[in-house]
Number of protein chains: 2
Amino acid sequence: MSSAPLRGATELPGRQPLYSQVRDRIVLAIEQGEWDAGEALPSEFELADRFGVSQGTVRKGLDSLAAEGVLIRRQGMGTFIAEVADDWGKAELPGATRPLDTSLELLACARSNAGEEAAEALRLRRGAILLAVKRLVRVAGEPFAVIENFVAAERFEGLDARRIKQANCNLRTVWWREFGLRVISAPPQFRAGMAGREEARLLGVEADRPLLEVARTAGGLDGEPVEWSVLRCRTDHYVYRV
Amino acid sequence: MSSAPLRGATELPGRQPLYSQVRDRIVLAIEQGEWDAGEALPSEFELADRFGVSQGTVRKGLDSLAAEGVLIRRQGMGTFIAEVADDWGKAELPGATRPLDTSLELLACARSNAGEEAAEALRLRRGAILLAVKRLVRVAGEPFAVIENFVAAERFEGLDARRIKQANCNLRTVWWREFGLRVISAPPQFRAGMAGREEARLLGVEADRPLLEVARTAGGLDGEPVEWSVLRCRTDHYVYRV
DNA sequence: TAGTGGTCTAGACCACTTG
DNA sequence: AAGTGGTCTAGACCACTAC
């Protein structure tokens, strides 16, 4: 939050461009809760004053965060902190281009131990204590997908079903409001699997029917992995679009 | 190829920003074969002269094409036409982040009639005459996926197996070299399906095993749909990453 | 040394939104 | 009318590449 100009850092060997330093300073301010979701940032000129750079340089930093989906810029209005969204793909009718509306339901929130994939993705040791959140996605009221999210229990002390439900089952909102953490997802991995007994029951399909599996990690704005998650969905009625 | 300044268009009602007009002019020049793949474009200042705008405006246009993967910019060297790549996702080991090397083999190139999905995607009538290209993707020598591409036969008169093999089975290279067409893919749709008898045989899996299906359309730099394609892959050994 | 793209500035004007 | 982001310019300097 200091107003020290950024130039001092420009002589260091591992020097970053000014606009990139501006981006990082803004990220820091966001993480420190300086502005709430939906709130407007100061104007480009105010930020330029604060960071001791020109308005064009601030613009480049803001544009990069807008491209990442962290900020929303509207001509004539200002630059706003984006509402965080659970940025999974969307259900669509095959061949269609319009995403369908979905609803989320919390199934469980419990401690578990890291399996091989989760441990590797989160850079933890195998068996580390995780929190596992299990949710059901519905399309037009019908079960479409089961999502499991895993995070390090240590970092998310106090997470429980009540807090998740308060945020309408949007975990990104929970990470942001309760833990001051904003995350961005890496490109997912895809696999075709079979419905186990549990998924078959939840999704209302027969066991041994093919299910689409989507797995991904998400990291903080600084790049550190925070969350590993898997979505399993039936694709007999709808398809999944990235 | 004319050198008329761009300003004249700025008074039109559907006016585009100058940098966007610069982008379109460069796209046009690329499509007219002014530069080959791998070749360098004129410098920013030369292009600025040619289009009658400032160097910064040219830069914005070039940057947007670089972001789309059409151009590659290298400090101190210049701006180059990117080699076209078949931009499917990659095969990876589960949990890994490094893509594996793949090879392509042409299975067939034949005429067919547009099914419902292909017709809709390509904005043609159902039953329109298409060219269907079928290829096999191998990872470490083992069959991994079957890709089918569909294009309007009318637009790709003269396409045959020989021309495809000459381009190492890279269809994007064929579109570019033989038909002067550069395409960009839209986000794909995913589905979990079952291996039919034909895919099972080609991929070396049992019939009724789950297969991952990835479908997408690709359009020209002007946005018109050109190609519809489907990839079907086994995900028992490797996974598919976007 | 010359030429390229990469960064940064200062200032101008435009388009849009709100009061 | 005032304030915001969006575009555009002209010019400066830097970092990298080639010769």
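Letters A, B, ... are given to chains in the order of the sequence lines, protein chains preceding strands, and every chain is numbered from 1. Keep in mind that this is a model prediction, so the values were computed, not measured.
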Peer 1: Answer with base, sugar-phosphate or nothing: what part of the nucleic acid does Tyr19(A) contact at a heavy-atom distance below 4.0 Å?
Peer 2: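 Sugar-phosphate: the residue Tyr19(A), judged by heavy atoms under 4.0 Å, touches backbone atoms but no base.
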
Peer 1: Between dT9(C) atom P and Asp49(A) atom CG, what is the distance in whole Å?
Peer 2: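 It works out to 12 Å between those atoms.
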
Peer 1: Does Trp35(A) form a side-chain contact (heavy atoms from CB on, under 4.5 Å) with Leu41(A)? I'd like the steps, not just the answer.
Peer 2: CA-CA 7 Å; Trp35(A) 311 288; Leu41(A) 268 66; 4.0 Å; yes

Peer 1: Hey, is the side chain of Lys60(A) poking within less than 4.0 Å of OP1 or OP2 on dT7(C), counting only N and O atoms?
Peer 2: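 It does, given that an N or O in the side chain of Lys60(A) lies less than 4.0 Å from OP1 or OP2 of dT7(C).
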
Peer 1: Nearest-Å distance, CZ (Phe45(A)) to P (dC13(C))?
Peer 2: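 Distance, rounded to whole Å: 13 Å.
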
Peer 1: Could you work out which one of dC16(D), dA18(D), dA15(C) sits closest to the side chain of Met77(B)?
Peer 2: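 So the side chain of Met77(B) is nearest to dA18(D).
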
Peer 1: Return the 5'-most residue of the pair Gly76(A), Gly56(B) with respect to DNA chain D, ranking by each residue's nearest nucleotide.
Peer 2: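 Looking at the nearest nucleotide for each, Gly76(A) comes out on the 5' side.
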
Peer 1: Verify the distance criterion only: is there a donor paired with an acceptor across the side chains of Arg138(A) and Ser103(A) at less than 3.5 Å?
Peer 2: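 No donor-acceptor contact under 3.5 Å links the two side chains.
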
Peer 1: Determine: side-chain N/O of Arg74(B) to OP1/OP2 of dT4(C), distance under 4.0 Å, yes or no.
Peer 2: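 Indeed not, no polar side-chain atom of Arg74(B) lies that close.
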
Peer 1: Can you tell me how far C1' of dC8(C) sits from CZ of Phe51(A), to the nearest Å?
Peer 2: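 Going from CZ in Phe51(A) over to C1' in dC8(C) covers 16 Å.
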
Peer 1: More 5' along DNA chain D: Gln55(A) or Gly78(A), using each one's nearest nucleotide?
Peer 2: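 Between the two, 5'-proximity favours Gly78(A).
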
Peer 1: Does Thr79(A) make a side-chain N or O approach to OP1 or OP2 of dG5(D) shorter than 4.0 Å?
Peer 2: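 Answer yes for this pair, as a side-chain N or O of Thr79(A) is under 4.0 Å from OP1 or OP2.
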
Peer 1: Report yes if at least one side-chain N or O of Thr57(A) is closer than 4.0 Å to OP1 or OP2 of dT9(C); otherwise report no.
Peer 2: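 Yes, within the criterion.
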
Peer 1: Rounded to the nearest angstrom, tell me the gap between atom CD in Gln21(B) and atom C1' in dT7(D).
Peer 2: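 My rounded result for the distance is 12 Å.
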
Peer 1: Apply the test side-chain contact (heavy atoms from CB on, under 4.5 Å) to residues Val27(A) and Arg23(A): give CA-CA distance (whole Å), side-chain angles for both, the deciding distance (0.1 Å), then the verdict.
Peer 2: CA-CA 6 Å; Val27(A) 162; Arg23(A) 176 203 177 279; 3.7 Å; yes

Peer 1: Write down the distance between CG (Leu18(B)) and P (dC13(C)), rounded to a whole number of angstrom.
Peer 2: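 Those two atoms, CG and P, are 16 Å apart.
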
Peer 1: Please determine whether a side-chain nitrogen or oxygen atom of Arg73(A) lies at a distance below 4.0 Å from atom OP1 or OP2 of dT4(D).
Peer 2: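 No, because none of the side-chain N or O atoms of Arg73(A) sits under 4.0 Å from OP1 or OP2 of dT4(D).
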
Peer 1: For Gln75(A) and dC8(D), what is the distance between atoms CD and P respectively, to the nearest whole Å?
Peer 2: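 Between P of dC8(D) and CD of Gln75(A): 12 Å.
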
Peer 1: Return the value, rounded to whole Å, for the distance between atom CZ of Phe80(A) and atom C1' of dC16(C).
Peer 2: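 Between C1' of dC16(C) and CZ of Phe80(A): 12 Å.
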
Peer 1: Do Glu44(A) and Gln55(A) pass the side-chain hydrogen bond (donor to acceptor under 3.5 Å, both in side chains) test, and can you show the C-alpha distance, the side-chain angles, and the key distance before you say yes or no?
Peer 2: CA-CA 6 Å; Glu44(A) 295 179 347; Gln55(A) 171 258 0; 2.7 Å; yes

Peer 1: May I have the distance from Arg23(A) (atom CZ) to dT7(C) (atom C1'), rounded to whole angstrom?
Peer 2: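 So the CZ-C1' distance, Arg23(A) to dT7(C), works out to 18 Å.
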
Peer 1: If you go through the side-chain atoms of Arg59(B), does one of them form a donor-acceptor pair with the base of dG6(C) closer than 3.5 Å?
Peer 2: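 Check passes, donor-acceptor contact within cut-off.
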
Peer 1: Side chain of Glu44(B) only, heavy atoms from C-beta on: which candidate in dT9(C), dT17(D), dG6(C) is closest?
Peer 2: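 Taking heavy atoms from C-beta onward, the closest nucleotide is dG6(C).
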
Peer 1: Show the numbers, then the answer: is there a side-chain hydrogen bond (donor to acceptor under 3.5 Å, both in side chains) between Ser185(A) and Arg172(A)?
Peer 2: CA-CA 11 Å; Ser185(A) 301; Arg172(A) 298 293 167 95; 2.9 Å; yes

